[in-house]
Amino acid sequence: MNTPAHLLIGAAVFGRGKSRRVVIAAMVGALLPDLSLYVMAGTALFVLGIPPQIVFDELYFSQSWQTVFAIDNSFLVWGVALALALWSRSESAIALVAAALLHLCLDFPLHHDDGRPHFWPLSDWVFESPVSYWDRNRGAMWIAPAEAVVALAAAVALWRQRVGVFVGLAVALLLAAEIWIVRQWLFFFVDT
């Protein structure tokens, strides 16, 4: 699933009826499982000048990158974090961690050959889903529009909650990014 959709859905689910602070915490939590990818790929592409084909065809699948992804996409790691958040009784911490776990739950069935070892450190097993959120050869022509519709519904729910101008603008930007990304997957990016 695309990161903007994760942020919108996480915020709508775990920020519903909550303060602006809790909504933002849910957005941050929904981002965290993907953050390492953005940091590592951004550094490789824009700081080190490594060509995109090497970044996404080689580095992405390297043992070192996959180890980082295993940690920040582990149901077990986030499960422990949820137990700590529940123990603390902090609404913001619970929303943050719960949104991260929702992110993992939504990603798990939507990655064909680019999934994560979600049960690290107990297992390096990676579920290879028969469907993919981005690969048109694996159902993305159906999944991507459905994802965009769910993201739109989440954005509307957040706007109806009157989360303030700053968060409302962030929601609008996330929705625009989601629609742009889905358009790219469906019309320009072809898995060969």
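What's counted below: heavy atoms across the whole structure, side chains too, no hydrogens, waters or symmetry copies.
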In short, Phe119 meets Ser74 closest at the heavy-atom pair C-OG, 4.5 Å
For residues Val126 and Pro117, report the shortest heavy-atom separation together with the two atoms involved. CG2-N, 3.6 Å
So how far is it from Arg136 CZ to Arg138 CZ, rounded to the nearest 0.5 Å? 14.5 Å
By the definition side chain to side chain contact (heavy atoms under 4.5 Å, CB included), identify the one residue from Leu31, Leu32, Asp107 that meets it with His6. Asp107
To the nearest 0.5 angstrom, please state how far the NE2 atom of His111 sits from the CD atom of Glu128. 12.5 Å
Cluster check Met1, Val171: I/L/V/M/F/W/Y, side chain < 4.5 angstrom: no
Separation between CG of Asp135 and CG of Asp114, rounded to the nearest 0.5 Å: 8.5 Å
Donor-acceptor check, side chain of His112 to backbone of Ser129, threshold 3.5 angstrom: yes or no? yes
Can you see which heavy atom on Val182 is nearest to which on Pro145, and at what distance? CG1-N, 4.4 Å
Kindly give the heavy-atom pair with the smallest separation between Ser132 and Ile143, and that separation in Å. O-CD1, 3.5 Å
Treat each ILVMFWY residue as a node, draw an edge where side-chain heavy atoms are under 4.5 Å apart, and state whether Leu82 and Val28 are in one component. yes
From Asn2 atom CG to Leu8 atom CG, the distance as rounded to the nearest 0.5 Å: 11.0 Å
Kindly write out the residues that satisfy side chain to side chain donor-acceptor pair (under 3.5 Å) with Ser62, not counting sequence neighbours, or none if the list is empty. Ser64
Testing the basics here: between Gly15 and Val22, what is the closest heavy-atom pair and its distance to 0.1 Å? CA-CG1, 4.3 Å
Side chain to side chain donor-acceptor pair (under 3.5 Å) filter on Gln63, not counting sequence neighbours, yields Thr67
Applying ring-ring contact (aromatic ring centres under 6.0 Å, His included) to Tyr60 and not counting sequence neighbours gives Phe69
Would a 4.5 Å heavy-atom cut-off, applied to side chains only, mark Val55 and Trp65 as touching? yes
Mind checking whether Trp159 and Phe166 sit in one hydrophobic cluster, side chains of I, L, V, M, F, W, Y counted as touching below 4.5 Å? yes
Residues in side chain to side chain donor-acceptor pair (under 3.5 Å) with Ser36, at least two apart? Asp72
Inter-residue atom distance Leu122.CG - Leu76.CG, 0.5 Å rounding: 5.0 Å
Distance-minimising heavy-atom pair for Glu178 and Ala151: CG-CB, 3.9 Å
Hydrophobic clustering (ILVMFWY, side-chain heavy atoms < 4.5 Å, transitive) - are Val97 and Ile94 grouped together? yes
The side chain to side chain donor-acceptor pair (under 3.5 Å) partners of Gln161 (sequence neighbours excluded) come to none
What distance separates Ile54 CD1 from Leu48 CG, expressed to the nearest 0.5 Å? 11.5 Å
For His118, give me all partners under ring-ring contact (aromatic ring centres under 6.0 Å, His included), at least two apart in sequence or on another chain. Phe75, Phe108
Cluster check Trp78, Met27: I/L/V/M/F/W/Y, side chain < 4.5 angstrom: yes
